[in-house]
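We count ligands from 1, going down the list as the structure has it; atoms in each ligand are counted the same way. As the structure is a computational prediction, the values presented were derived from the model and not from experiment.
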Amino acid sequence: MSIVDRLQRQHLKELTPYASARRSMSGGNIWLNANESPYSNSYSVDDTKLNRYPEFQSKPLNQAYAEYAGIEASQVLSSRGSDEGIELLIRAFCEPAKDKVIICPPTYGMYAISAKTFAVGVNEVPLLDNWQLDTEAVIEASTKCKVIFLCSPSNPLGSALNPDDIEQVLQHAPSSIVVVDEAYIEFSSGDSVVNWLERYPNLVVLRTLSKAFALAGIRCGFLLASDDIIELLQKVLAPYPLPDPTVQIAVQALQKSSLERLQKQVSALLSERKKVQTELESMPMSLIAESDTNFLLYQCNDAVGLVTALADTGLLIRNQSAQRGLDNVVRITVGSAAENNELIQQLRKYYL
Ligand SMILES: *Cc1c(COP(=O)(O)O)cnc(C)c1O
């Protein structure tokens, strides 16, 4: 028996790590598998202080995000992507081998993986057939679970949760932390729940610069919550969480001119999404849910066959068939006009 087999923590033996888009598929020249933005915007980095440790939390950055979100800087925690925010919540609130979190599948995979790495249990309360919350079941399960993860708009579904249902959960699960992951909020036609932070001390909102902001490479996310929750999470946060170049770029991305550019890029992606959706209507694929994001989710006859055939032409999309209720379902990120045209052409070839 190797030293790893002998010493590793018991609960890690059965754990399969998160198969991120970047980890599970390599190569290709058109990447429509990770919900990234096709835009690569340029920024400047001041390299004269890279010999110094960065700040624990950058005031200018948290202030800029607070202004963008319409809240106070004391309600903002910046982290290495919102994935780190998920982990901080589990580490701060859940006792290993005792506490549980609630997830509502199909949903984002990292909530369960993060819980499992800390030996925290996962209680699944599946979405209803209309992809909305089973509010009563979530509320009932909440009496035994400290943290509830909701994703709206949803990855992988694309659709948003009904805000009234989220509010029901906030009201009737007052002793649980209700996390609303808004990674795709910039693409959504609906409102953010961030304005409810004043009303519900158990609300936590997750945001990221990885999607609409087109900055997946810098690893920057934000956790928005009451001052009390932010203070607690700072106890478990690493001393220097964000690299200084990340902070510099994130601050620039939140300036007025960058936000105007963001708006234009989001509008362009939304009209591209419409184009792709219209083109795919004539193919043997059916849309799973109306999208409020930068991706589309389709059921097809043979997901493995389709994903493989496209990958052979250098075009990557993501198979979501492992998710509950999503047999033969693929997720396609909306790319640039040229990338989407290539996708449409390849699909035509595949199906004709
Ligand atoms: C992409 C994504 C994230 C992760 O964002 P990072 O900030 O890059 O860690 C979180 N939640 C959902 C639903 C996502 O799709």
[X] heavy atoms, cut-off 4.0 Å: which ligand 1 atoms fall inside?
{"X": "Thr208", "value": "5 (O), 6 (P), 7 (O), 8 (O)"}
{"X": "Cys151", "value": "13 (C)"}
{"X": "Asn155", "value": "13 (C), 14 (C), 15 (O)"}
{"X": "Arg219", "value": "6 (P), 8 (O), 9 (O)"}
{"X": "Ser210", "value": "6 (P), 7 (O), 8 (O)"}
{"X": "Gly81", "value": "6 (P), 7 (O), 9 (O)"}

The test is side chain to side chain donor-acceptor pair (under 3.5 Å); show your working for Asn35 and Thr333 and say whether it passes. CA-CA 5 Å; Asn35 298 343; Thr333 306; 2.8 Å; yes

Nearest-neighbour protein heavy atom for [atom], which is reported as residue plus atom name and distance:
{"atom": "atom 14 (C) of ligand 1", "answer": "Lys211 NZ, 3.0 Å"}
{"atom": "atom 15 (O) of ligand 1", "answer": "Tyr184 OH, 2.6 Å"}
{"atom": "atom 5 (O) of ligand 1", "answer": "Ser82 OG, 3.1 Å"}
{"atom": "atom 12 (C) of ligand 1", "answer": "Asp181 OD2, 3.4 Å"}

We want to know whether [X] and [Y] form a side-chain donor-acceptor pair, criterion being a heavy-atom distance below 3.5 angstrom.
{"X": "Gln57", "Y": "Asn62", "result": "yes"}
{"X": "Ser226", "Y": "Asp228", "result": "no"}
{"X": "Ser159", "Y": "Asp292", "result": "no"}

Glu87/Arg91 ion pair, N-O < 4.0 Å: yes

Can a salt bridge be assigned to the pair Glu167 and Arg199 using a cut-off of 4.0 Å between side-chain N and carboxylate O? yes

For the 3.5 Å polar cut-off, considering only N or O atoms, please tell me whether Asp83 and ligand 1 meet it. yes

Minimum heavy-atom separation for Gly27 and Trp31, please, with both atom names. O-NE1, 2.9 Å

Tyr68, Tyr39, Tyr43 screened by ring pair (Phe, Tyr, Trp, His ring centres under 6.0 Å) with Phe213, the one that passes: Tyr68

